[in-house]
Amino acid sequence: MSHEHVSYLELLARGAATEAYDRPVLLARASGAGPETLAGLEEAKQLALRVRAELEGRRRREAELSALFATAHDLAGLRDLDAVLRAIVQRARSLLGTEVAYLSLNDPAAGDTYMRVTEGSVSARFQQVRLGMGEGLGGLVAQTARPYVTDDYFQDPRFQHTRSIDAAVRDEGLVAILGVPLSLGSQVIGVLFAADRRARVFEREQVALLASFAAHAAVAIDTANLLAETRSALAELERANDIIREHSGVIERASEVHDRLSELVLRGGGVHDVAHAVSEVLGGTVEFTEAGAGSARRAGGHAVREGDDWVAAVSAGGETLGALVLHGQPDLDPVDQRTLERAALVTSLLLLARRSAGEAEQRVRGELLDDLIDAPDRDRSLLRERAARLRTDSDAPHVVLAARIDRAAGGPADPDAGRRESADRRRLWSAASHLAATRHGLASARDGGTVLLLPLGQGESAAELARQTARGLGGTLREPVTVGASAPVRALLDRPDQVAVAYGEARRCLDALGLLHRSGQGAAAEDLGFLGLLLADGRDIEGFVDRTIGQVVGYDRRRGTDLVRTLDAYFASGMSPARTKDELHVHVNTVAQRLERVGRLLGPDWQSPARALEIQLALRLHALSDVVTGA
């Protein structure tokens, strides 16, 4: 092997540039080598250049294959679509040796294509450009699904030039552009570009290489879409599982409530037991209220939301008995809403059962009181047994009270008067029955009103009980209720006939309150002064005298004064102090001092006509009692 041939091998070994292969020929010619030698060197040179081109092509293919394998590896571990597409564009730019590479995707909704990834771009306008289908080189590639290449874009008439696209390309300074389609099956989803800012020719191998990268990019986009769809499906499945779990929990809660409510009904639980059970299961606070059903009353049995609360009306037969209110659970599942509605239904059944039991007990109480008034000769042991079952202490002192609602009468042609009076009697009987049950007494509807038999409390008088009863019934009914009371009845079952007598006295007291225009008040005979003597069967003269002038009589007894005789003379003299001093043979100032003392003992109104009449009657009765007793 000649020295010149060795030189070519050295050039190949160190990858010298093409121009270096002319040097051995030039040196041989300069040294005077013959034609045969020069021809041999020229042949060796051409052979070395062919070897160099082959080696260069292999190195390029190895780089391309390496880049394609790296891209495939990126796809295998796809996590971020933008990162994969950016790597593809970077490798395409590097292998094709272009100044710029970029990738656009089609927007089916807008009907155009937009820039997705750029590498080497410096123009913001270019990076944001959008191309209509068929516009520019990229629009044509997207429309035809074929590669297009131009070595001078602005001089190429094949493309539809638009002002916005040309301005963006000019702003970026691009001249030579190669674009290949991104295809999924027969559908073009975008375009991959390589471009230079100078005129150049893209070889067939470069077009094929860019198409390979475009295929990888299409696979990456398809894989990302599939992953997104898979993630979306998994998310939907997870949501469906959550809904199933949630509904399963709701159904379990509903079943638990059903079991607990059934148990409550069977063992006779109350309304508050139902509210407590539903509170525990629904995880909020449920309370029963007799008012405040609000819009739930019009919801036809359905639970309705009021603010952050849920309300279910408790009703029966068109009558609203109250409502169940759930606090603390504003976002209530529909199944849990049905649970609250079911609890409201159970509550209404319990209330109706309690009401029925209460009405039955009220009837029994009324029947016993009617028997005491109408048939006092019944077997006393049987009466005592019936009273004991109703927890009535027959040995305690009792008072008979007659009550009625007093309202202004309607006009002479009032068509609703009878219906209103009937409704009033029913309401009064219901309220009185509840009061009687509370105080372990008896109540009955009678003679257009209601009669009660109530025990006296410790230190309580008949008059106080009458006033308390009038206030209580009036407050409940929001109507004026007048109550007349009898004197206390003691050991009522030892002498049952005294109940009828006491009822008559209470009725007379009730009528007297009406005549005295004291409707809406409660009183006993002792409150009515001398009128009470006429009404009471006991004729408690001593009690009347004591209530009327007892303070004056006691003062005389303690102090040895003569106030009673002074009062008697004062009234006998026509309430004239001057004639009174003549009757008593004392100075007029003495009469004035005694009358002032009387005023302090009896009160400032003692000389009013009504009080003066009662005082004069008491003075007469006091004098008669002194005569009878020999005082």
Side-chain angles (χ1 to χ4, degrees), residues 362-363 365-376 392 397-407 409 421-457 460-477 479-490 492 495-529 531-540:
Q362 290 169 3
R363 285 193 296 272
R365 291 179 182 276
E367 291 169 358
L368 176 56
L369 182 53
D370 287 337
D371 286 347
L372 289 173
I373 295 174
D374 298 329
T392 298
H398 283 68
V399 172
V400 177
L401 304 111
R404 70 175 173 225
I405 294 178
D406 283 318
R407 65 162 74 228
E421 289 176 6
S422 177
D424 284 347
R425 287 194 294 269
R426 287 196 302 271
R427 292 168 59 225
L428 178 59
W429 172 76
S430 178
S433 298
H434 178 72
L435 175 62
T438 302
R439 293 197 55 149
H440 304 299
L442 306 175
S444 177
R446 196 176 185 87
D447 300 323
T450 297
V451 56
L452 299 95
L453 180 66
L454 299 181
L456 278 174
E460 189 176 37
S461 68
E464 290 170 344
L465 181 58
R467 288 190 289 270
Q468 180 183 354
T469 303
R471 286 194 302 269
L473 294 178
T476 300
L477 300 178
E479 299 277 4
V481 177
T482 309
V483 177
S486 71
V489 177
R490 305 181 188 281
L492 60 91
R495 286 183 52 209
D497 58 313
Q498 63 183 327
V499 177
V501 175
Y503 175 57
E505 181 181 334
R507 284 289 308 279
R508 289 192 296 274
C509 185
L510 177 63
D511 292 338
L513 287 171
L515 293 172
L516 294 172
H517 304 291
R518 292 174 60 180
S519 297
Q521 299 181 23
E526 63 188 55
D527 292 318
L528 304 180
L531 184 58
L533 290 176
L534 303 177
L535 299 175
D537 287 302
R539 300 295 190 268
D540 183 14

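Keep in mind that what you see is a predicted model, and the values were worked out from it rather than measured.
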Is a donor on one side and an acceptor on the other found under 3.5 Å between the side chain of [X] and the backbone of [Y]?
X	Y	answer
R427	L477	yes
R439	P455	yes
S430	R426	no

Give the minimum heavy-atom separation between [X] and [Y], together with the two atoms involved.
X	Y	value
V481	A403	CG1-CB, 4.2 Å
A485	A466	CB-CB, 3.7 Å
S486	A462	O-CB, 3.4 Å
A502	V489	CB-CG2, 3.6 Å
T476	A431	CG2-CB, 4.1 Å
A443	A432	CB-O, 3.8 Å

Say you draw a straight line from CG of D424 to CD1 of I405; how long is it, rounded to the nearest 0.5 Å?
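Here the interatomic distance stands at 4.0 Å.
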Hey, what do you get for CG (L428) to OG1 (T450), rounding to the nearest 0.5 Å?
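Those atoms lie 3.5 Å apart.
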Please assess L510 against R404 for the test side chain to side chain contact (heavy atoms under 4.5 Å, CB included), listing each intermediate value before the final yes or no.
CA-CA 8 Å; L510 177 63; R404 70 175 173 225; 3.8 Å; yes
Let me see the working for Q468 and E460 under side chain to side chain contact (heavy atoms under 4.5 Å, CB included), right down to the final yes or no.
CA-CA 11 Å; Q468 180 183 354; E460 189 176 37; 2.9 Å; yes
What I'd like to find out is whether the side chain of L452 reaches to under 4.5 Å of the side chain of V400, using heavy atoms alone.
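They are not in contact (no side-chain heavy atoms under 4.5 Å apart), so the answer is no.
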